[in-house]
Amino acid sequence: MSKLEKLLKERGPIKKIGVLGMGYVGIPAAVLFADAPCFEKVLGFQRNSKSSGYKIEMLNRGESPLKGEEPGLEELIGKVVKAGKFECTPDFSRISELDAVTLAIQTPFANPKDLEPDFSALIDGIRNVGKYLKPGMLVVLESTITPGTTEGMAKQILEEESGLKAGEDFALAHAPERVMVGRLLKNIREHDRIVGGIDKASTKRAVELYSPVLTVGQVIPMSATAAEVTKTAENTFRDLQIAAINQLALYCEAMGINVYDVRTGVDSLKGEGITRAVLWPGAGVGGHCLTKDTYHLERGVKIGKGELDYPEGADSIYVLARKVNDFMPAHMYNLTVAALERLGKKMDGSKVAMLGWAFIKDSDDARNTPSEPYRDLCLKAGASVMVHDPYVVNYPGVKISDNLEEVVRNADAIVVLAGHSAYSSLKADWAKKVSAKANPVIIDGRNVIEPDEFIGKGFVYKGIGRGDKNSHKIKLRAATPP
Ligand code: SAJ
């Protein structure tokens, strides 16, 4: 039995857990641990900062600081706080009283071009854990990180701060989050959980931590670095799949055909051994995950020890996919300019009504939203822009209205950027009346409207992947103003 296995045996089953980072990942994780009968107490650690300190009191009142629909979360927070099983605190010294600590802290990229991540918040968290680390404790990184970080930077900082040795005095593992806004609890309970320790004892201890919160999901044990690659690769593959259909959509526009017909066709080839995950083209890829995890994977192979054998001079297809997906907001802009030009109008002086600021459908999450680069291009070209979103309330530097009529009023162009359900019932008659234009422009970046309904009312329509409609004859064309 190794020294660490002895220490863990002496310490006994995990009873007290700490979660650093009270955000979209940390809060649902903490209350699910607290709700598991086998665990006695969970502490949620949150810095008492100006921007996030308010979360401490809200959570200890049993309220959720997360905006947007999160089924079951508010109730569960209330339940475990009332039961005295969950408490939020800014006092990191209480880490010393725990058996296991997880870190769910954002890991954005400072500069994707040079593959430089901004690990400052994560490093702060790891240092805080290292300061109060005791022999026999388990530390787990849940944040999405560059492959090699757990066995590299994290291990080093924890050993420096604690004077203890990873794999001998304490257990260390990576168990990446796999949550999506709008179904946080469901994803944690039902998705299989990747768990990777720096050694067998660490993996075994981490499996003990996560098994009790899984209902449908299974634990999939592997090494820490394999777990890091698994997480970054699954998001990179998704981004690649989206880039593949976005590129096809651009091709279909150029060839005058409907990408959705092609998608149905490609997707129809079924049968054993044939897996087709044809995703959906659109106005862009946003969020905190797909926009950066490719760069974590690229950085992992760059800082890794081994030699990469890859076609000379060829770009990484993963980075190319990022470029295609990052191009889609600019393509939306180009479609808007082209549509206005069909009416002899320019961006300069036109009013653009943007529908949707969130990065994903029916959510208030606007992290890295594709709507922002689109808006910037319109403003730079001299357009006046109004933004509508039924969920997103505040966003630095952008006025967002939940009054659709106000936004569409007198608009020269109505542009759908997020696929919110509300926009599927946008009516051409209503939009035309409110825009007060004989030939308003409508750009559909999420395939939510029926082109013919709008074209029939005199709209100039353009849609992502709709080469079959984008050069339609303009109906009810009013005389072009002199
Ligand atoms: N998007 C498309 N076309 C599609 C799917 C998505 O344009 O067919 C766009 C969305 O509009 C959005 C962006 O991509 O702007 C990301 O959408 P998403 O559905 O991937 O949402 P995320 O980023 O919140 O969730 C992803 C998920 N990863 C995978 O499915 C591999 C989720 O499981 C992860 O937990 C999450 O990243 C994460 O936290 O890593």
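Each ligand, and each atom within it, is numbered from 1 in the order the structure gives.
Here's the thing with Gly286: one of its N/O atoms is less than 3.5 angstrom from an N/O atom of ligand 1. Taking only nitrogen or oxygen atoms, main chain and side chain alike, Val179 reaches within less than 3.5 Å of ligand 1. Between Thr144 and ligand 1, not a single N/O pair is under 3.5 Å apart.
Put simply, the side chain of Leu355 reaches to within 4.5 Å of the side chain of Leu426, judged on heavy atoms.
In terms of protein heavy atoms, atom 17 (O) of ligand 1 is closest to Ile360 CD1, 3.7 Å. In this structure, atom 38 (C) of ligand 1 lies nearest to the protein heavy atom Cys289 SG, 2.8 Å.
Evaluated by nearest non-hydrogen atom to atom 9 (C) of ligand 1, the leading choice among Ala233, Gly284, Pro281 is Gly284. Closest to atom 2 (C) of ligand 1 by heavy atom, among Phe237, Trp280, Phe359, Tyr24, is Trp280. The closest non-hydrogen atom to atom 40 (O) of ligand 1, taken over Arg178, Arg446, Lys231, comes from Lys231.
Val181 does not count as a contact of ligand 1, since none of its heavy atoms falls under 4.0 Å from the ligand.
Side-chain atoms of Lys462 do not come within 3.5 Å of backbone N or O of Ala338 as any donor-acceptor pair.
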Go through Tyr374 and Thr336 one step at a time and tell me if the side chain to side chain donor-acceptor pair (under 3.5 Å) criterion holds. CA-CA 10 Å; Tyr374 174 83; Thr336 314; 2.9 Å; yes
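Classification of the Tyr461-His472 ring pair by plane angle, with boundaries at 30° and 60°, yields tilted.
Under 3.5 Å, the side chains of Ser64 and Glu70 contain no donor-acceptor pair of N or O atoms.
Among all heavy-atom pairs drawn from Pro212 and Phe39, the shortest one is CG-CZ, 3.7 Å.
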